[in-house]
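Note that the structure is a prediction, hence the values are computed from the model and not measured. Throughout, protein chains are lettered first and strands after them, A, B, ... in sequence-line order, and every chain is numbered starting at 1. Just the heavy atoms: all of them, side chains too, but no hydrogens, waters or symmetry mates, feed the values below.
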2 protein chains.
Amino acid sequence: MVTIKDVAKATGVSPSTVSRVIADNPRISLDTKKKVRKAMKNLGYHPNVNARNLVAKSTKAIGVIMPSSADKALQNPFFPEILRGIGSVTHDMQYSLTLSTGETDEEILDEVQRMVYGSYVDGVILLYSRLNDSVMNFLMEKSFPFVIVGKPYDYISEITHVDNDNFSAGKEITNHLIKQGHKKIAFIGGSRDLFVTMDREAGYEAAMKEAGLSYPESYKIHAEFLKSGGRDAVSQLFALSEQPTGIVVSDDLMSLGVLSTLEESGFSVPKDISLVSFNNVYLSEITRPALTTVDVRIYELGAQSAKALIEKTTNKSEPAKRIIIPYDIVYRGSVSKKS
Amino acid sequence: MVTIKDVAKATGVSPSTVSRVIADNPRISLDTKKKVRKAMKNLGYHPNVNARNLVAKSTKAIGVIMPSSADKALQNPFFPEILRGIGSVTHDMQYSLTLSTGETDEEILDEVQRMVYGSYVDGVILLYSRLNDSVMNFLMEKSFPFVIVGKPYDYISEITHVDNDNFSAGKEITNHLIKQGHKKIAFIGGSRDLFVTMDREAGYEAAMKEAGLSYPESYKIHAEFLKSGGRDAVSQLFALSEQPTGIVVSDDLMSLGVLSTLEESGFSVPKDISLVSFNNVYLSEITRPALTTVDVRIYELGAQSAKALIEKTTNKSEPAKRIIIPYDIVYRGSVSKKS
DNA sequence: CTGTTAGCGCTTTCAA
DNA sequence: TTGAAAGCGCTAACAG
């Protein structure tokens, strides 16, 4: 391994000078800088991060914590996409990215503790937000820099988070259905533990209310993410006497399951039932029919959260922020007019 | 920050003793071990990785290199799933996981070089295999520990890799179509640069040949992964005078696109056209019809590659290995008999 | 069984 | 503008 000393020797300067050249210290003459840089290149010198981190007390690395993979939510193309967003800024800022690998909640907490205590990372991004999450509590208590993608349950004004206005989005997409003449509109969402679901649902309710439409409890279903969840939800819904003609589904992946179950049960989308959903993962373009859905700009959610986190780690006194990413509605074939 | 010295002082032993307790050195008396451990707990001591890495010349971290996200292949649920597999073993072995974040090939090479030269990681997993890949060449040249998921183009017996027997899989799944009475069978694959595609295609050809069936060049299409690719492929195929009745598609995600284009064009699957494919990502269960596909055990591919890599990093003289993960065929609704 | 010492590669005062 | 020296937190001979 080529060290700073080797470069120093080769150039005839001291190690500290080399170090200063690396840091591009303005008090070093251009001449020596050039000389040193040339030697670095020749010898193939690269700084050792561990040595640097040790003294600098900073790692230029951030940890990304995924939800426990118990729920198969991880399969959601949402995650690769948000990782791309995060990666784009970490890459630009020369940060590295450490991923959580635990499967259960305890394993994840364990890992986060190691990341924090062992100075693996300078800060952490939480890719989920749940009620009373132990990881979040830990981070809060240690006042270790972190940001949440989504909306925190507590301490909302003390925690930097990056989110969409899911309430508005829910309202707007429901209104779209209403404007097309639908009156009986149901809602299918994921776990009530997740804030996204609740916000989108609240938006749905607000729209229904404003339009003077009823939304009985039986119209609001909460299910698992994957196929089985969609199946249950649909069968529950169509056992009702007043069958809905439109459904708001809180995630594209669930929509896929719902879509497929619907057609299996002999309903045609959008002829019999209209469907709208959220996220606009690439899948929503591929389905038959393609989905009308809210584009939440996943990539941007990731990029902004990374940016906010890095700011926080470099300036600890940076105040907590709430960053709202705008959304768009993408109109495709899963909705039809109801007369 | 609580250091080893603090613990030493609190216990009345020397720092080295504390270090030995951490390493669970057998030459330390149980008594002192207990004492020290208690103090560590009380003080909230956690070892600093950077200091440790610096002297140990090992990081207990591995780098995972994704394909350049230029091609949207990254959206493939294949990746989260293989990360889960890798994560399961890195977690068990207390390793951490660093992800590549570059978008272009140069950016990725850059990053890998930093990972290697800067001793960020002990080894690297390449999640793709392409002809004459600069990252692979770099790793080879530096003889830095790495493993490839898939099949390397060159130096095949010198590079540890984890793969399926894609040739057999391709043959077997094609034979399934043939046994159902299909005679005109086409192949749709991804880029010819990727070894997976080529192996699967070769298997398809072998099956056709053995069955005495013809497979003109026009029956073998190579397209992009996502929707547009599927669309092009299908239109090319059905412009032919001899339209196929069965299609072997080299990836589930592509199948989704193909499926949807097929139905848009008025063909019904499996009534008019039968479809088989590869990977068995969760999507293949959700489509209408659900896909008959080769389950390549993605999770296992990940887990085994991590295991092999860690072995390699801990024992540099470990010989190169080829690890073949068995596959299964999952029969679902996308194939029908042809009389 | 335990302590002393040196040193991993780097940054950063303090001096010059 | 540069160098010498100390030290980040830890491990690993070597000694005892």
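Read 5' to 3', the first and last nucleotides of DNA chain D with an atom closer than 4.0 Å to a heavy atom of chain B are D/dG9 to D/dA13. Along DNA chain C, the stretch of nucleotides lying under 4.0 Å from any heavy atom of chain B spans, 5' to 3', C/dC1 to C/dG9.
Counting only residues at least two apart or on different chains, the ring-ring contact (aromatic ring centres under 6.0 Å, His included) pairs with a member in residues 118-151 of chain A are A/Tyr117-A/Phe138. Within the structure, the side-chain hydrogen bond (donor to acceptor under 3.5 Å, both in side chains) test picks out the following pairs touching residues 144-160 of chain B (sequence neighbours left out): B/Lys151-B/Asp199. Among pairs with a residue in residues 94-114 of chain A, none fulfils ring-ring contact (aromatic ring centres under 6.0 Å, His included), at least two apart in sequence or across chains. Pairs engaging residues 58-67 of chain B under the side-chain hydrogen bond (donor to acceptor under 3.5 Å, both in side chains) rule: B/Ser58-B/Asp122, B/Thr59-B/Asp122 [sequence neighbours left out].
B/Ser14 and B/Thr17 share a side-chain donor-acceptor pair at under 3.5 Å. There is a side-chain donor-acceptor pair under 3.5 Å between A/Thr101 and A/Glu111.
By the salt bridge (Lys or Arg N to Asp or Glu O under 4.0 Å) test, B/Asp31 pairs with no residue at all, sequence neighbours left out. Evaluation of the salt bridge (Lys or Arg N to Asp or Glu O under 4.0 Å) rule for A/Lys321 yields A/Glu311, A/Glu318 as partners, not counting sequence neighbours.
Contacts with DNA chain C (heavy atom under 4.0 Å) in residues 49-57 of chain B: B/Leu54, B/Val55, B/Lys57, listed by number. A heavy-atom distance below 4.0 Å to DNA chain D is reached by these residues of residues 13-44 of chain A, ordered by number: A/Val13, A/Ser14, A/Ser16, A/Thr17, A/Arg20, A/Arg27, A/Ile28, A/Ser29, A/Thr32.
Without hydrogens or angle criteria, A/Ser305 side chain to A/Leu301 main chain gives a donor-acceptor distance under 3.5 Å. Checked by atom type and distance alone, the side chain of B/Glu107 pairs as donor or acceptor with a backbone atom of B/Glu103 at under 3.5 Å. In this structure, B/Thr3 contributes its side chain and B/Lys5 its backbone to a donor-acceptor pair below 3.5 Å.
Contact between B/Ile148 and B/Ser129 at its shortest, heavy atoms only, is CG2-CB, 4.0 Å. Considering every non-hydrogen atom in both B/Ser119 and A/Val49, the closest pair reads O-CG2, 3.7 Å.
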For residues 40-47 of chain A, dump all side-chain donor-acceptor pairs below 3.5 Å to protein atoms at least two apart in sequence or in another chain.
none

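Taken from CG in B/Asn50 to CZ in A/Arg52, the straight-line distance is 12.0 Å, to the nearest 0.5 Å.
Over its full length, the helix from C/dC1-D/dG16 to C/dA16-D/dT1 turns its helical axis through 40°, comparing axes from the five pairs at each end and rounding to 10°.
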